[in-house]
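The block underneath contains the structure these notes are about, expressed in structure tokens.
The first residue in the sequence is number 1, and the count goes up from there.
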Amino acid sequence: MTATGTFGLSTEARNLQWLLGNLVEEVPGVRSVAVVSSDGLMLLSSDPATQQATTAAAEAGRPDGPRGSSADLATIVSGIGSLTIGAARLMDGGGVKQTMVAMEEGSVFVMSISDGSLLGVHATPDCDMSVVAYHMALFVGRAGHVLTPEVRSELRKSMESTQ
């Protein structure tokens with residue numbers, strides 16, 4: 001994982017970045033990870049360097065950045081989250097805990113964290129889905145109580161400063 005600047009961040013924000021880095025580095029098959037706020041903004045990313053390259057390419061008029069980057073993943077996670085929340089409301093299904101999309105060339109996992117925030121993981125097609133889901137649940141359990149409005153705001157500002 002390429003770290004965003006951690007100078008000046010609170011201990012809670014640095015711990016969340018560390019947890020995200022651990023998820024990417026320790027779980028086989030994980031390609032990229034993004035934490036998205038309830039309003040669809042990326043709070044944490046496993047590859048901010050790729051995100052910067054994608055932004056620069058867009059500004060230069062070139063096509064979209066690399067497939068599977070955290071910026072792309074954040075957009076997908078936000079959309080999947082919105083869709084499943086709407087579906088759950090229509091079906092009186094209660095809160096959405098997790099969603100998984102299996103594709104020929106990979107998988108996307110989305111899990112609720114807190115206050116509408118979502119954790120999204122893009123994984124390889126040969127990943128052990130139960131291992132990925134287990135480690136996502138560990139992240140959610142550790143991050144849920146730390147992801148306060150103040151920390152979300154701090155992380156949002158940190159992500160904006162890296163773009």
Response to the item:
For S117 and S37, the nearest pair of non-hydrogen atoms, with its separation, is OG-CA, 4.0 Å
Worksheet, complete the sentence: Hits for salt bridge (charged side-chain N to carboxylate O under 4.0 Å, His left out) against D39, two or more places apart or cross-chain, chain-then-number order -> R156
Worksheet item: With a 4.5 Å limit on heavy-atom distance, are the side chains of S45 and V33 in contact?
Response: no
Fill in: Residue pair S107 / M129: nearest heavy atoms and the distance that separates them
OG-CE, 3.7 Å
Discussion item. As an exercise, state the distance from CZ of R152 to CG of L44, rounded to the nearest 0.5 Å.
Written reply: 12.0 Å
Fill in: Residue pair E154 / S10: nearest heavy atoms and the distance that separates them
OE2-N, 2.5 Å
Practice prompt. Evaluate the criterion side chain to side chain contact (heavy atoms under 4.5 Å, CB included) for residue pair V108 and M103; output intermediate values, then yes/no.
Written response: CA-CA 8 Å; V108 175; M103 303 167 284; 3.7 Å; yes
Discussion item. Among residues at least two apart in sequence or on other chains, which ones pass side-chain contact (heavy atoms from CB on, under 4.5 Å) with L138?
Written reply: Y134, H135, R142
Worksheet item: Once you round to the nearest 0.5 Å, how far does CZ of R31 lie from CG of L73?
Response: 11.5 Å
Worksheet item: At what distance, to the nearest 0.5 angstrom, does CD1 of I113 lie from NE2 of H145?
Response: 12.5 Å
Response to the item:
Those residues at least two apart in sequence (or on a different chain) that pass side-chain contact (heavy atoms from CB on, under 4.5 Å) with S78 are V36
Practice prompt. Could you tell me the separation between the CG atom of L9 and the CD atom of Q17, rounded to the nearest 0.5 Å?
Written response: 5.5 Å
Practice prompt. Please examine the side chains of N22 and F139, heavy atoms only from C-beta on, and report whether any two atoms are closer than 4.5 Å.
Written response: no
Discussion item. On a heavy-atom basis, which atom in S46 and which in V24 lie closest, and how many Å separate them?
Written reply: CB-CG2, 3.4 Å
Worksheet item: Shared ILVMFWY cluster between V131 and V140, side chains joined below 4.5 angstrom?
Response: yes
Worksheet entry | Straight-line distance of T84 OG1 to R89 CZ, nearest 0.5 Å | 10.0 Å
Practice prompt. For V146 and L19, run side chain to side chain contact (heavy atoms under 4.5 Å, CB included): C-alpha distance rounded to whole Å, both residues' side-chain angles, the deciding distance at 0.1 Å, then the answer.
Written response: CA-CA 12 Å; V146 177; L19 283 171; over 6 Å; no
Response to the item:
Shortest non-hydrogen pair, G94 vs A88, comes out as O-CB, 3.3 Å
Item to complete: Keeping to residues at least two apart or across chains, list the salt bridge (charged side-chain N to carboxylate O under 4.0 Å, His left out) pairs with something in residues 94-106.
Response: none
Practice prompt. Output all residues satisfying side-chain contact (heavy atoms from CB on, under 4.5 Å) with S130, sequence neighbours left out; order by chain, then residue number.
Written response: D128
Practice prompt. List, by chain and then residue number, the residues other than I85 in its hydrophobic cluster (Ile/Leu/Val/Met/Phe/Trp/Tyr, side-chain heavy atoms under 4.5 Å); write none if there are no others.
Written response: V96
Discussion item. One pair to check against side chain to side chain contact (heavy atoms under 4.5 Å, CB included): L155 and L147. What are the steps and the verdict?
Written reply: CA-CA 10 Å; L155 290 169; L147 205 51; 3.9 Å; yes
Discussion item. Just verifying a value: how many Å separate M136 CE and Q98 CD, rounded to the nearest 0.5 Å?
Written reply: 7.0 Å
Practice prompt. Answer whether the closest heavy-atom distance between the side chains of I80 and V101 falls below 4.5 Å.
Written response: yes
Discussion item. With clusters defined by side-chain heavy atoms of hydrophobic residues (ILVMFWY) lying less than 4.5 Å apart, directly or transitively, does M111 cluster with L83?
Written reply: no
Worksheet entry | Over all atoms of both residues, closest heavy-atom pair of P28 and C127 | O-CB, 4.2 Å
Worksheet item: Hey, is CE on M91 packed in by over 12 heavy atoms from elsewhere, all under 6.0 Å?
Response: no
Discussion item. Are L41 and L16 connected into the same hydrophobic cluster when the rule is that any two of I, L, V, M, F, W, Y join if their side-chain heavy atoms are below 4.5 Å apart?
Written reply: no
